[in-house]
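Shown next, in structure tokens, is the structure this report addresses.
All values derive from a computational prediction rather than experimental measurement.
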Amino acid sequence: MKKTILLFVALMSFFVVPSLALATDLPRVMIVGEDVDKDTIPRDSRVFKRVLNSISNELINRGFDVRDETALTHQTHAQGRIRRNDAELIQIAKDAGIDVLTIFSIYPNVKSNANSVRVTARVEGRLLSVNDGARMGNFESEPQQYQLVPSPYSRNDVLEAVGKLSKIIGADVGAVLGDRLDQYHPDGGSSDGGSGGVSSSGRLLEWTLIFDGFNDDDMLDIEDYIVIYTGYDSHRPKSNALNTSSHHEYWYKSSIDSAHLKRNMVRMLRKMNMKGRVYISGNELKIVKQHSVRQRTKKSNNDW
């Protein structure tokens with residue numbers, strides 16, 4: 001009976017939401033160049049900057065939250081570095097609080113024959129979810145257009161030719177990226193067509209939920225709550241964690257946004273008459289239970 005009442009209260013708490021339509025988290029996107037391969041155009045080239053700007057504009061026009069690397073890191077990271085590898089790019093994205101990293105490389109392509117020399121370029125790369133390491137898709141683009149260059153030609157001639165194609169290349173890549181991101185983060189604020197409620201139609205994310213100081217009985221009640229949260233898909237104990245009778249870690253798949261998840265956890269503690277601190281960082285949410293301090297006092301012996 002107690003369990004039935006608890007579930008009823010939980011359902012009323014988590015499904016009765018304000019009439020204001022709340023959208024799922026819009027990902028913070030950062031576009032970076034991977035130029036560790038010496039055959040690629042380095043990021044300090046004006047051609048590279050034109051392509052990056054063109055990709056950025058296409059994503060901004062589609063409503064995505066695109067962040068500038070220099071603006072976010074100029075006070076904390078070395079600037080102007082070229083030939084950076086994946087590990088460095090991913091660490092920068094984590095430091096800057098980025099959700100989706102767009103990594104691309106530009107390869108000039110020179111085609112020559114006895115008659116002429118033609119230059120085009122191929123852009124390839126991928127989308128990476130920074131917090132959970134999930135690959136969100138690869139992309140590659142090579143325009144059919146080309147530019148003629150003099151023969152014999154220099155590297156500067158090749159760069160100039162690619163520069164003339166950069167706007168076309170960037171717009172094409174940006175369109176491909178926009179389509180891919182739209183699949184993970186569809187437009188539209190709510191799951192009920194805009195009439196109110198909280199959206200659950202966003203991309204499924206794998207959260208790490210950590211509960212410190214909760215015993216096994218507490219966890220039974222907590223699991224009754226987390227399975228009814230908006231956007232819930234599945235959960236299971238984290239296999240590579242040390243789970244004990246007072247420390248529990250779960251992988252939790254849901255499309256719920258971070259702010260809504262934290263609010264639900266705070267509300268859950270209140271409903272369970274418990275006190276705790278809730279921390280959230282990236283795709284990790286941690287709850288630390290606050291225990292009351294038991295005061296031991298010395299009994300007085302009035303008979304003596």
Side-chain angles (χ1 to χ4, degrees), residues 1-26 94 97 99 129-132 190-192 196-299:
M1 183 65 181
K2 178 182 177 183
K3 183 88 63 172
T4 303
I5 295 174
L6 175 65
L7 280 173
F8 177 76
V9 172
L11 286 167
M12 293 299 292
S13 299
F14 296 113
F15 287 113
V16 177
V17 294
S19 59
L20 178 64
L22 300 175
T24 53
D25 285 346
L26 187 66
K94 287 184 176 181
D99 299 308
S129 178
V130 175
N131 292 317
D132 59 9
S190 66
S191 57
D192 56 0
V198 180
S199 174
S200 60
S201 61
R203 170 178 172 249
L204 279 176
L205 294 176
E206 186 174 69
W207 294 85
T208 297
L209 304 184
I210 302 173
F211 300 91
D212 257 339
F214 296 87
N215 61 36
D216 291 333
D217 289 334
D218 293 335
M219 294 310 302
L220 289 176
D221 291 335
I222 287 173
E223 287 193 68
D224 286 338
Y225 279 101
I226 64 177
V227 299
I228 61 172
Y229 288 172
T230 298
Y232 171 79
D233 179 74
S234 62
H235 76 283
R236 61 190 174 97
K238 191 176 179 182
S239 57
N240 60 346
L242 179 62
N243 288 289
T244 68
S245 60
S246 61
H247 179 88
H248 309 265
E249 297 190 21
Y250 291 90
W251 279 314
Y252 182 78
K253 279 192 176 181
S254 175
S255 62
I256 193 170
D257 65 68
S258 56
H260 192 202
L261 179 60
K262 184 175 181 180
R263 287 198 304 272
N264 280 354
M265 290 299 190
V266 172
R267 189 181 292 120
M268 177 192 71
L269 291 174
R270 189 180 305 149
K271 295 296 182 182
M272 293 176 65
N273 292 318
M274 292 183 178
K275 291 185 177 181
R277 300 186 300 275
V278 181
Y279 306 95
I280 191 166
S281 176
N283 277 33
E284 181 179 286
L285 184 143
K286 183 176 183 179
I287 302 180
V288 180
K289 184 179 179 181
Q290 293 177 266
H291 296 274
S292 57
V293 179
R294 181 181 177 185
Q295 298 290 337
R296 294 185 178 271
T297 59
K298 184 178 179 179
K299 294 182 180 180

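- In this structure, Thr230 contributes its side chain and Ile256 its backbone to no donor-acceptor pair below 3.5 Å.
- Atom NZ of Lys238 sits in a crowded spot, with more than 12 heavy atoms from other residues, nucleotides or ligands closer than 6.0 Å.
- Summarising the geometry, atom CG belonging to Asp257 is positioned 6.5 Å from atom CZ belonging to Arg263; distances are rounded to the nearest 0.5 Å.
- Residue Leu285 comes nearest to Ile287 through the heavy atom pair CD2-CG1, 3.7 Å, listed as atom of the first residue, atom of the second, then distance.
- Tested against Tyr252 for a ring pair (Phe, Tyr, Trp, His ring centres under 6.0 Å), the candidates Trp207, Tyr225, Tyr232 yield a single pass: Tyr232.
- Looking at Ser281, its side chain never comes within 3.5 Å of a backbone N or O of Glu284 through a donor-acceptor pair.
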Legend entry - Derivation of the side-chain contact (heavy atoms from CB on, under 4.5 Å) call for Tyr250 and Met219: CA-CA 11 Å; Tyr250 291 90; Met219 294 310 302; 3.3 Å; yes
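- Side-chain contact check for Ile226 versus Met265: some heavy-atom pair is nearer than 4.5 Å.
- Without hydrogens or angle criteria, Asp218 side chain to Asn215 main chain gives a donor-acceptor distance under 3.5 Å.
- Heavy atoms only, all atoms of each residue included: Gly231 and Ser254 are closest at O-OG, 3.0 Å.
- Under the side-chain hydrogen bond (donor to acceptor under 3.5 Å, both in side chains) rule, His235 has a single partner from Glu206, Glu223, Lys253, which is Glu223.
- Other residues, nucleotides and ligands place more than 12 heavy atoms under 6.0 Å from the NZ atom of Lys289.
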Inset, instruction - List the steps, then state whether side-chain contact (heavy atoms from CB on, under 4.5 Å) holds for Asn243 with Phe211. - result: CA-CA 10 Å; Asn243 288 289; Phe211 300 91; over 6 Å; no
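- The closest side-chain heavy-atom distance from Thr208 to Asn283 is not below 4.5 Å.
- Looking at Ser234 and Trp251, their side chains never come closer than 4.5 Å, going by heavy atoms from C-beta outward.
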Inset, instruction - Go through the steps for Glu249 and Leu242 under the test side-chain contact (heavy atoms from CB on, under 4.5 Å), then give the verdict. - result: CA-CA 8 Å; Glu249 297 190 21; Leu242 179 62; over 6 Å; no
Legend entry - Leu269/Val278 under side-chain contact (heavy atoms from CB on, under 4.5 Å): CA gap, chis, key distance, verdict: CA-CA 10 Å; Leu269 291 174; Val278 181; 4.1 Å; yes
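- Separation of atoms NE2 (His248) and CG (Asp212) is listed at 9.0 Å; rounding is to 0.5 Å.
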